[in-house]
Amino acid sequence: MRKLRKLICEKKGTTMAEMLVTLLLITIMTGMAASSLAAASRIFIRVQKTQYAQSILDTVMTELRTITKNAGSYVKIYENGKNIVDATGNSSGNAIEFINEEGYVVLLSTDGAKATTLYLGENQIGTAGAVPEGQLLTRYYTRNSSTQTYLYQRENAPAARAVAAVYGKGFYMGNYLKIEYSFPDGTAAGDRTERIIANVALYSDAAYRNLVAQDSESLEFRHPVTCSTAVTAVTE
């Protein structure tokens with residue numbers, strides 16, 4: 001019994017200073033761990049966003065190949081797809097136009113569209129709502145075979161046979177799509193071409209300043225088509 005009391009009395013306890021040092025070390029180590037985890041989390045999120053963006057671009061490229069492969073008669077590039085009335089073609093730009101296998105004029109861009117009145121011949125068949133800029137958009141028109149033109153506007157308002165956003169807005173995950181088209185080097189107006197170049201980019205902001213991902217690819221046509229610069233879109 002005396003030996004037990006002696007051992008208890010001789011045993012040293014933890015001092016306040018030692019406790020404070022221990023707590024300080026734990027705090028420092030916890031902070032370092034939290035900082036490392038936060039940095040790792042940011043890197044993971046950035047990599048994940050880049051992977052998602054690349055997946056979006058891959059899907060868009062596949063859709064572009066599908067839409068354009070059956071282009072017939074001619075292909076035309078507009079420097080600015082927002083205003084194409086009476087506009088001639090260009091060697092590069094952000095909108096393309098061609099004739100599809102059903103004989104309709106197809107206008108493909110990411111420039112958005114105002115609310116558009118839809119026509120079947122001379123009859124109004126409905127209205128397509130506005131589509132915001134930054135989404136892949138197709139518009140279809142009926143061409144006048146005698147003048148080789150189509151009515152892009154009627155009574156100073158957008159008109160079309162049909163208007164369709166290729167994907168829903170959620171597909172882009174808050175990003176904005178931009179496509180720049182160009183003819184192969186050395187291609188002049190009136191030449192026949194079997195392809196067109198598409199530079200596709202995804203931005204995180206509507207001002208197109210913060211690039212997230214980009215890609216480039218040749219869109220191959222099933223048959224050679226003429227590179228056109230003639231005026232095709234007109235207004236009443």
Side-chain angles (χ1 to χ4, degrees), residues 58-111 113 116 118-123 125 128 131 135-154 158-167 177 179-200 215-236:
D58 291 343
T59 304
V60 168
M61 280 295 192
T62 299
E63 190 64 28
L64 287 176
R65 288 194 296 269
T66 300
I67 294 174
T68 60
K69 70 178 181 180
N70 290 317
S73 183
Y74 73 89
V75 61
K76 178 180 178 182
I77 300 178
Y78 289 101
E79 183 177 8
N80 184 352
K82 293 182 179 180
N83 185 11
I84 68 171
V85 172
D86 296 329
T88 56
N90 203 54
S91 60
S92 64
N94 55 19
I96 59 171
E97 176 186 299
F98 56 89
I99 305 295
N100 69 2
E101 63 271 27
E102 296 175 337
Y104 292 112
V105 176
V106 180
L107 186 64
L108 191 62
S109 76
T110 57
D111 294 321
T116 302
L118 304 180
Y119 289 86
L120 179 58
E122 295 299 318
N123 301 317
I125 58 174
V131 177
Q135 300 182 31
L136 185 60
L137 175 69
T138 53
R139 284 175 280 183
Y140 300 86
Y141 301 88
T142 302
R143 185 172 65 156
N144 186 322
S145 58
S146 61
T147 62
Q148 307 299 309
T149 62
Y150 61 91
L151 285 175
Y152 181 76
Q153 290 182 335
R154 294 190 177 199
R161 173 66 180 83
V163 176
V166 178
Y167 306 106
L177 184 67
I179 305 176
E180 183 80 10
Y181 302 96
S182 61
F183 288 121
D185 291 341
T187 305
D191 288 350
R192 303 277 285 177
T193 183
E194 296 180 348
R195 63 191 178 94
I196 196 170
I197 312 301
N199 294 301
V200 183
D215 201 356
S216 180
E217 189 169 330
S218 291
L219 304 178
E220 305 287 340
F221 303 135
R222 193 179 298 276
H223 305 289
V225 294
T226 302
C227 302
S228 174
T229 57
V231 171
T232 51
V234 297
T235 185
E236 274 187 335

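One is the number of the first residue; the rest follow in order along the sequence.
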Chemist: Taking side chain as C-beta onward, heavy atoms only, is Tyr150 less than 4.5 Å from Thr232?
Modeler: yes

Chemist: What orientation do Tyr104 and Tyr140 show, parallel under 30°, tilted 30 to 60°, or perpendicular over 60°?
Modeler: perpendicular

Chemist: Tell me the closest heavy-atom pair linking Phe98 and Ala71, and the distance in Å.
Modeler: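 In terms of heavy atoms, the two residues are closest at CD1-CB, 3.6 Å.
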
Chemist: Using the side chain to side chain contact (heavy atoms under 4.5 Å, CB included) definition, which of the options Asn94, Ile196, Asn199, Ile197 pairs with Tyr181?
Modeler: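 Considering Asn94, Ile196, Asn199, Ile197, a side chain to side chain contact (heavy atoms under 4.5 Å, CB included) with Tyr181 is found only for Ile196.
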
Chemist: I need the Asn83 CG to Tyr152 OH distance, nearest 0.5 Å.
Modeler: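 With rounding to 0.5 Å, CG (Asn83) is 7.5 Å from OH (Tyr152).
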
Chemist: Got Leu107 and Ile84 here, is their nearest side-chain heavy-atom distance under 4.5 Å?
Modeler: yes

Chemist: If you look at every heavy atom in Pro184 and Arg195, which pair is closest and at what distance?
Modeler: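 Between these two residues, the closest heavy atoms are CD-O, 3.6 Å.
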
Chemist: For Ser228, is there any backbone N or O sitting under 3.5 Å from a side-chain donor or acceptor partner on Thr226?
Modeler: no

Chemist: With Ile179 as reference, evaluate Leu108, Asp111, Thr110 under the side chain to side chain contact (heavy atoms under 4.5 Å, CB included) test and give the passing residue.
Modeler: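 Among the candidates, only Thr110 passes.
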
Chemist: Any side-chain heavy atom of Val166 within less than 4.5 Å of one from Val60?
Modeler: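 Not touching, per the 4.5 Å side-chain cut-off.
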
Chemist: Quick check: closest heavy atoms across Met61 and Ala198, and the distance to 0.1 Å?
Modeler: CE-O, 3.6 Å

Chemist: Check whether any side-chain heavy atom of Thr68 lies under 4.5 Å from a side-chain heavy atom of Phe221, and answer yes or no.
Modeler: yes

Chemist: What are the two closest non-hydrogen atoms of Ser109 and Arg139, and how far apart are they?
Modeler: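 The pair with the smallest heavy-atom distance is OG-NH2, 3.6 Å.
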
Chemist: Show the nearest heavy-atom pair for residues Ala188 and Cys227, with the distance to one decimal.
Modeler: O-CB, 3.8 Å

Chemist: For the NZ atom of Lys76 and the CD1 atom of Ile96, what is their distance to the nearest 0.5 Å?
Modeler: 13.0 Å

Chemist: Flag yes if more than 12 heavy atoms outside Glu194 fall under 6.0 Å of its CD atom; otherwise flag no.
Modeler: no

Chemist: I would like to know whether Leu177 and Val200 meet side chain to side chain contact (heavy atoms under 4.5 Å, CB included); could you show each step before the answer?
Modeler: CA-CA 7 Å; Leu177 184 67; Val200 183; 3.5 Å; yes

Chemist: Does Glu97 come within less than 4.0 Å of Arg143, counting only side-chain N to carboxylate O?
Modeler: no

Chemist: Give a yes or no on whether the backbone of Ala164 and the side-chain of Thr138 come within a donor-acceptor separation of less than 3.5 Å.
Modeler: yes

Chemist: Using side-chain heavy atoms (C-beta onward) and a distance below 4.5 Å, is Tyr74 in contact with Ile99?
Modeler: yes

Chemist: How long is the span from the CZ atom in Arg161 to the OG1 atom in Thr116, to the nearest 0.5 Å?
Modeler: 13.5 Å

Chemist: Any heavy-atom pair between the side chains of Thr193 and Val225 that's under 4.5 Å?
Modeler: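 A side-chain contact under 4.5 Å exists here.
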
Chemist: Specify the closest pair of heavy atoms between Thr88 and Tyr78, including all atoms of both residues, with the distance to one decimal.
Modeler: O-CD2, 4.3 Å

Chemist: Would you say that more than 12 heavy atoms from the other residues, nucleotides or ligands in this model lie under 6.0 Å from the CD of Glu63, or not?
Modeler: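 More than 12 heavy atoms, drawn from other residues, nucleotides or ligands, come within 6.0 Å of this atom.
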
Chemist: Take Tyr119 and Thr142 through the side chain to side chain contact (heavy atoms under 4.5 Å, CB included) test and state the conclusion after the steps.
Modeler: CA-CA 9 Å; Tyr119 289 86; Thr142 302; over 6 Å; no

